[in-house]
Asker: 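My structure is below; once you've seen it, I'll send some questions.
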Amino acid sequence: MPELPEVETTVRGLAAVLEGRRLISVEARRADLRRPFPPDLRQRLTGATVTGLRRRAKYGLIDIDRGDTFIFHLGMSGSWRIDPVSLGKHDHFVLETDEGRRIVLNDPRRFGSLDLVPTDALERSEPFAGMGPEPLGETFGGAWLATALAGRTAPIKAMLLDQRIVAGLGNIYVCEALHLAGIAPTRAAGRISRARLDRLAAAVRQVLLAAIEAGGSSLRDYARPDGELGYFSAQWRVYGREGEACHCGASIARRVDSGRSTFFCPRCQRS
Ligand SMILES: [Zn+2]
């Protein structure tokens with residue numbers, strides 16, 4: 001499942017072929033993914049020039065010169081390919097640029113989405129309204145967490161997954177950051193000292209940046225004819241490693257809450 005770093009590297013890969021380019025052809029090969037595409041999507045994108053690409057949480061944002069922003073979400077299994085040799089049945093959406101590059105959205109499970117929103121209304125529209133700061137942005141840090149978590153008795157892990165506290169963090173990176181910061185996932189969020197919140201915010205940044213760097217180093221693969229953007233393997237500290245040894249020598253544990261697994265070290269993350 002694409003997490004924030006995969007979306008970030010996808011956006012960077014797409015920027016290399018889309019930024020400043022005119023979209024000469026736009027083809028929706030079906031009418032929906034998780035929900036219907038905007039009915040006028042093709043008309044509003046065809047002939048437009050891409051002015052910039054960015055990411056917000058796990059959404060990719062493609063700004064065009066008509067005052068609209070084209071928004072994609074990769075859902076469970078979505079990915080963009082650049083210049084694939086041929087199209088398959090899971091290739092649902094195709095853009096062609098004035099340079100003749102073909103950019104194709106593949107999504108076998110179809111939990112992704114495509115939307116088009118006026119750029120100046122973006123922050124007020126779903127799902128961005130009320131969303132917390134970017135974990136790699138300037139607002140996010142120990143001070144932000146101290147304010148946002150004050151008095152909260154919920155476990156810190158649940159709070160970090162709450163998009164109103166911080167945007168775009170998924171299960172993997174929350175487990176990894178809590179381990180790096182040495183904080184128990186079950187610790188009441190409002191009872192963590194400021195110094196430990198500073199460490200936690202730094203850990204969140206560190207695990208995300210390391211993953212983005214790993215994805216960036218796989219940018220070479222974009223030259224592949226069927227180059228799939230954004231996917232890379234990473235070495236997790238605890239995620240998916242139940243029963244294996246932590247660097248401290250203790251055995252990594254797993255607990256399940258409402259169907260979601262938490263991986264942690266009972267020794268490094270005691271409180
Ligand atoms: Zn440990």
Side-chain angles (χ1 to χ4, degrees), residues 1-23 26 33-34 37-38 41 44-45 47-75 78-82 93 95 97-99 101 103-107 112-141 144 163-170 173 201 204-219 222 227-232:
M1 178 163 159
E3 295 274 357
L4 185 153
E6 285 88 347
V7 179
E8 178 67 28
T9 52
T10 294
V11 164
R12 293 180 188 183
L14 289 174
V17 289
L18 282 179
E19 195 145 20
R21 304 322 320 173
R22 193 160 166 268
L23 304 174
V26 177
L33 286 174
R34 185 175 53 193
F37 299 149
L41 182 63
R44 285 165 72 189
L45 287 178
T49 296
V50 174
T51 55
L53 289 93
R54 52 206 169 104
R55 177 191 56 72
R56 175 74 168 121
K58 293 206 282 179
Y59 292 82
L61 309 179
I62 302 175
D63 297 316
I64 60 172
D65 63 346
R66 293 172 178 170
D68 286 329
T69 298
F70 179 45
I71 306 168
F72 68 83
H73 192 282
L74 297 172
S79 66
W80 289 92
R81 288 176 169 80
I82 296 175
F93 190 79
L95 295 172
T97 73
D98 54 357
E99 288 187 316
R101 308 300 297 270
I103 295 112
V104 178
L105 178 64
N106 180 282
D107 189 355
S113 62
L114 296 177
D115 293 291
L116 196 62
V117 169
T119 306
D120 60 13
L122 204 61
E123 286 295 318
R124 299 191 301 276
S125 58
E126 282 298 323
F128 304 110
M131 197 179 258
E134 283 293 318
L136 297 174
E138 286 179 3
T139 303
F140 180 73
W144 168 265
Q163 301 296 299
R164 292 165 296 186
I165 305 286
V166 55
L169 289 189
Y173 293 97
V204 166
R205 285 176 192 270
Q206 190 178 325
V207 297
L208 292 174
L209 288 172
I212 289 168
E213 195 179 324
S217 64
S218 75
L219 277 172
Y222 295 170
E228 180 181 280
L229 295 182
Y231 287 81
F232 42 88

Asker: For Thr139 and Pro133, which heavy atoms make the closest approach, and how far apart are they?
Answerer: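 That closest heavy-atom pairing would be CB-CB, 3.8 Å.
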
Asker: With Trp80, which of Leu18, Val17, Leu74, Val11 fulfils side-chain contact (heavy atoms from CB on, under 4.5 Å)?
Answerer: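 Answer to the side-chain contact (heavy atoms from CB on, under 4.5 Å) test with Trp80 among Leu18, Val17, Leu74, Val11: Leu74.
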
Asker: Closest heavy-atom contact between Pro38 and Asp115?
Answerer: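 Looking at all heavy atoms of both residues, the closest pair is CG-CA, 4.0 Å.
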
Asker: Which residue pairs satisfy the ring-ring contact (aromatic ring centres under 6.0 Å, His included) criterion with at least one member in residues 112-140, sequence neighbours excluded?
Answerer: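 Of all non-adjacent pairs touching residues 112-140, those that pass ring-ring contact (aromatic ring centres under 6.0 Å, His included) are Tyr59-Phe128.
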
Asker: Who pairs with Glu99 by salt bridge (charged side-chain N to carboxylate O under 4.0 Å, His left out), at least two apart in sequence or on another chain?
Answerer: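 Glu99: salt bridge (charged side-chain N to carboxylate O under 4.0 Å, His left out) contacts with Arg21.
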
Asker: With a 4.5 Å heavy-atom cut-off, do Leu14 and Val50 have their side chains touching?
Answerer: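 Heavy-atom side-chain distance check fails, nothing below 4.5 Å.
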
Asker: In terms of ring plane angle, is the pair Phe37 and Phe93 parallel, tilted or perpendicular, where the classes change at 30° and 60°?
Answerer: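 Rings of Phe37 and Phe93: perpendicular, as their planes differ by over 60°.
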
Asker: Using 0.5 Å steps for rounding, measure from the OG atom of Ser113 to the CZ atom of Arg34.
Answerer: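 Interatomic distance, Ser113 OG to Arg34 CZ, rounded to 0.5 Å: 5.0 Å.
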
Asker: I want to check something: taking the side chain as every heavy atom from C-beta on, are Val166 and Val204 in contact at a cut-off of under 4.5 Å?
Answerer: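 No, side chains not in contact.
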
Asker: Restricting to non-hydrogen atoms, name the atom on Arg205 and the atom on Gly137 that form the minimum distance, rounded to 0.1 Å.
Answerer: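 Nearest heavy atoms, Arg205 then Gly137: NH2-O, 2.8 Å.
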
Asker: Atom CD1 of Ile64 and atom OG1 of Thr51: how far apart are they, to the nearest 0.5 Å?
Answerer: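 One gets 8.0 Å once the value is rounded to the nearest 0.5 Å.
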
Asker: Could you tell me which non-hydrogen atom of Arg44 sits nearest to which non-hydrogen atom of Arg66, and how far apart they are?
Answerer: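 Closest approach of Arg44 to Arg66: O-NH1, 2.8 Å.
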
Asker: So does Thr49 get a backbone contact from the side chain of Asp65, meaning a donor-acceptor N/O pair under 3.5 Å?
Answerer: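 Present.
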
Asker: Would a 4.5 Å heavy-atom cut-off, applied to side chains only, mark Pro135 and Leu4 as touching?
Answerer: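 Yes, close enough: below the 4.5 Å cut-off.
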
Asker: Are any of the side-chain heavy atoms of Ile71 and Leu122 separated by less than 4.5 Å?
Answerer: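 In contact.
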
Asker: Can you list the residues that meet the side-chain hydrogen bond (donor to acceptor under 3.5 Å, both in side chains) rule with Asp63, with sequence neighbours excluded?
Answerer: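 For Asp63 the side-chain hydrogen bond (donor to acceptor under 3.5 Å, both in side chains) partners, ignoring immediate neighbours, are Arg54, Thr69.
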
Asker: Could you check Leu169 against Leu208 for side chain to side chain contact (heavy atoms under 4.5 Å, CB included), going step by step and ending with a plain yes or no?
Answerer: CA-CA 9 Å; Leu169 289 189; Leu208 292 174; 3.8 Å; yes

Asker: Measure the spacing between CG of Leu53 and CZ of Phe72 and express it to the nearest 0.5 Å.
Answerer: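 Atom-to-atom, Leu53:CG and Phe72:CZ are 7.5 Å apart.
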
Asker: side-chain contact (heavy atoms from CB on, under 4.5 Å) with Ala210: which residues, sequence neighbours excluded?
Answerer: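 Ala210 satisfies side-chain contact (heavy atoms from CB on, under 4.5 Å) with no other residue.
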
Asker: After noting the C-alpha distance and the side-chain angles of Leu61 and Thr119, does the key distance pass the side chain to side chain contact (heavy atoms under 4.5 Å, CB included) rule?
Answerer: CA-CA 10 Å; Leu61 309 179; Thr119 306; over 6 Å; no

Asker: Between the main-chain N or O of Leu95 and the side-chain N or O of Arg101, is there a donor-acceptor pair closer than 3.5 Å?
Answerer: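 Checking the backbone N and O of Leu95 against the side chain of Arg101, no donor-acceptor pair under 3.5 Å is found.
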
Asker: Would a distance-only check, ignoring hydrogens and angles, find a side-chain to backbone donor-acceptor pair under 3.5 Å from Arg22 to Gly47?
Answerer: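 Side chain of Arg22 to backbone of Gly47: a pair is present.
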
Asker: Taking all non-hydrogen atoms of both residues into account, name the closest pair between Arg164 and Gly130 and its distance.
Answerer: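 Shortest heavy-atom contact: CG-O, 3.6 Å.
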
Asker: Working to the nearest 0.5 angstrom, can you tell me the gap between Leu23 CG and Asp98 CG?
Answerer: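 Between atom CG of Leu23 and atom CG of Asp98 there are 8.0 Å.
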
Asker: Can you check whether Ile212 reaches Pro5 side chain to side chain, under 4.5 Å on heavy atoms?
Answerer: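 They are in contact (side-chain heavy atoms under 4.5 Å apart), so the answer is yes.
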
Asker: Distance check, rounded to the nearest 0.5 Å: Glu19 atom CD versus Thr97 atom OG1?
Answerer: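 It is 13.0 Å, given to the nearest 0.5 Å.
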
Asker: So which pairs with a foot in residues 116-133 pass salt bridge (charged side-chain N to carboxylate O under 4.0 Å, His left out), sequence neighbours left out?
Answerer: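 For residues 116-133, and leaving out neighbouring residues, the salt bridge (charged side-chain N to carboxylate O under 4.0 Å, His left out) pairs sorted by first residue read Arg56-Glu123.
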
Asker: Please name the pair of heavy atoms, one in Gly75 and one in Pro2, separated by the smallest distance, quoted to 0.1 Å.
Answerer: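 It is O-CD, 3.3 Å.
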
